[in-house]
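A quick write-up on the structure given underneath.
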2 protein chains.
Amino acid sequence: MSNEFTQIEGSSRSLHLQVAREIARGILSGALPQGSIIPGELDLCEQFGVSRTALREAIKLLNSKGLLESRPKIGTRVRDREYWNFLDSQLLDWMMGLNNTELAYQDFLALRRAIEPEAAALAARNASAEQRMGLSAVFQQMADVASGADLETSWTDVDMEFHRLVFLSTGNSFYIPFANVLRTMFIGFIDHSSKDGGTCIEEHKAIYDAIMAGNADKARDANLALLNNSNHRLPSHNAA
Amino acid sequence: MSNEFTQIEGSSRSLHLQVAREIARGILSGALPQGSIIPGELDLCEQFGVSRTALREAIKLLNSKGLLESRPKIGTRVRDREYWNFLDSQLLDWMMGLNNTELAYQDFLALRRAIEPEAAALAARNASAEQRMGLSAVFQQMADVASGADLETSWTDVDMEFHRLVFLSTGNSFYIPFANVLRTMFIGFIDHSSKDGGTCIEEHKAIYDAIMAGNADKARDANLALLNNSNHRLPSHNAA
DNA sequence: CTGAGTGAATTCGTTAGACATAGAATAACC
DNA sequence: GGTTATTCTATGTCTAACGAATTCACTCAG
């Protein structure tokens, strides 16, 4: 634990966020092992070249994600992985680009298979009039993008927005965070999501129609069909 | 927005956590409307009787949960509900005891119906030998509690631990946070979970056997059956 | 009168240093 | 040798000041 960290440079945003990101990636990558004690605040201040306040804010942030745990006299310990909140979009953002990227995408797809079909079913039942209007508008845009009528918008953006609206239309608070998680994952795995030009417009139409018709079972099946579509299977671009 | 907050007293824990909890409950209850600007840091310091450091740490914490957003010159704004991270156990803890308790339990059950069956299926496939041993030990304890052989342990505790191990045994990082969410919800809704003495030991045995046998489909069905069991339907103790 | 540009005021962001507190390791004591 | 007291260390909290960023208002040109 000598010189794990690099000096912060004027990259972007607030200071404590840069420090937090740096430490977080150290933890998520395994460079800082679970259960280990990271250097004291004063040491870290020197390593990062920031004030104690900024460093403490960074540590507090990682604390709130379940990555760290501080106690007087003991120091700050890296918590066990089972406490890390992988359903926090900021944490997911920090994970991007680490070694386990391909594996994380697989796991993410497995989560979508569990969540999205039920979300679509709930949306079919509970979406408000306003939310249905929003879904309608986004689907129209999806169709335009797919048909080539809209060349300025990327498929990933509308795809993301569509599923985001589905999550928000469930009427269930616990589905809300998935909207943000999905956004972060789409942005992070942007090369996976719709390469090869596959836009899955038919599959999305099936989901859309079922939700609009209030047919929960059909919406669930259609969303599951989408996720089992070949476009979402791993492109195995490692072999390239 | 005159005197929304009460003075902090020597209740417990660190200072900024007490302040954070107070503000969070103001937001979650709707007393602080979405999009509204909360008083400036100095005002809040005076209201809570804490230093700016402690107050800022509280605000940073709420920021990390998606509840607040601070910008220079503007102030600190309550973010829209769609950004609140309802899958954070600390946030769930803050929600406990607010008006919407009964509704939240319903939503939570709906989430479990989507997640747990898939988690059980994944656990059946991926649980490590060590994890299977842990599951075995916990299930034995469940049986003891159900049969009356173990009178010291509460059913809620072993029930919680069982499902926690299932989540951790999926081999999928994204299922990990549900273990902590489940714990918080179980503790918060402790009166709901297993009142009436219903211990669901048979249903859990079916899940356990299926996971141990590596039968994913059976595990999924068994977990779904558990959640549809009458013991988990709302006891409607409002009428009492 | 309209518009852009400039300046000032306000609020959060950051720093510095000091003291308080809690917990563990050690030392003293019985 | 076991128990208690002390000390030491790292986080927790407070105060005070300066810096930075952005909105708002004001000025000035067109």
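Hydrogens, waters and symmetry mates are skipped; everything else that's a heavy atom, side chains included, is used. Protein chains get the first letters and strands the later ones, always in sequence-line order, with residue 1 at the start of each.
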Below 4.0 angstrom from OP1 or OP2 of D:dG12, is there any side-chain N or O of B:His16? no

Determine: side-chain N/O of A:Thr53 to OP1/OP2 of C:dG13, distance under 4.0 Å, yes or no. no

What is the distance from [atom1] of [X] to [atom2] of [N], rounded to the nearest Å?
X       : N      : atom1 : atom2 : result
B:Arg77 : C:dT11 : CZ    : P     : 14 Å
A:Glu69 : D:dA10 : CD    : P     : 18 Å
B:Glu57 : C:dC12 : CD    : P     : 16 Å
B:Leu68 : C:dC12 : CG    : P     : 11 Å
A:Ile37 : D:dT9  : CD1   : P     : 17 Å
B:Leu17 : D:dT11 : CG    : P     : 17 Å
A:Arg56 : D:dT13 : CZ    : P     : 7 Å

Is it the case that the ring center of B:His204 lies less than 6.0 angstrom away from the ring center of B:Phe139? no

So A:Leu42, base contact, sugar-phosphate only, or nothing? Heavy-atom distance under 4.0 Å. nothing

Go through [options] for me and flag the one nearest to the [X] side chain.
X       : options                : value
A:Leu15 : C:dT14, C:dG23, D:dT11 : C:dT14
B:Lys73 : D:dT23, D:dT13, C:dC12 : D:dT23
B:Arg52 : D:dT13, D:dT23, C:dG13 : C:dG13
A:Glu41 : D:dT15, D:dT11, D:dT9  : D:dT11
A:Val50 : D:dT23, C:dT15, D:dG12 : C:dT15

Quick test of your reading of the model: are B:Glu57 and A:Lys60 salt-bridged, counting only N-O distances below 4.0 Å? yes

Inspect the contact between A:Arg77 and A:Glu69 and indicate whether a charged nitrogen and a carboxylate oxygen are less than 4.0 angstrom apart. no

Under the 6.0 Å and 45° cation-pi test, does B:Arg79 pair with B:Tyr83? yes

B:Gly40 vs A:Leu55, nearer the 5' end of DNA chain C by closest nucleotide: B:Gly40

Between the CG atom in B:Leu168 and the NE2 atom in B:His163, the distance rounded to the nearest 0.5 Å is 13.0 Å

For a 4.5 angstrom cut-off between non-hydrogen side-chain atoms, does A:Trp84 reach A:Arg81? yes

Just wondering, do B:Met96 and B:Met185 contact through their side chains at under 4.5 Å, heavy atoms? yes

On DNA chain D, more 5' by nearest nucleotide between B:Ala54 and A:Ile74 is A:Ile74

Any side-chain donor near an acceptor of the partner, A:Tyr208 and A:Ser136, under 3.5 Å: yes

Work out how much the helix from C:dC1-D:dG30 to C:dC30-D:dG1 bends between its end axes, five pairs an end, to the nearest 10 degrees. 10°

Once hydrogens and angles are ignored, does a donor-acceptor distance under 3.5 Å link the base of C:dG13 to the side chain of B:Arg71? no

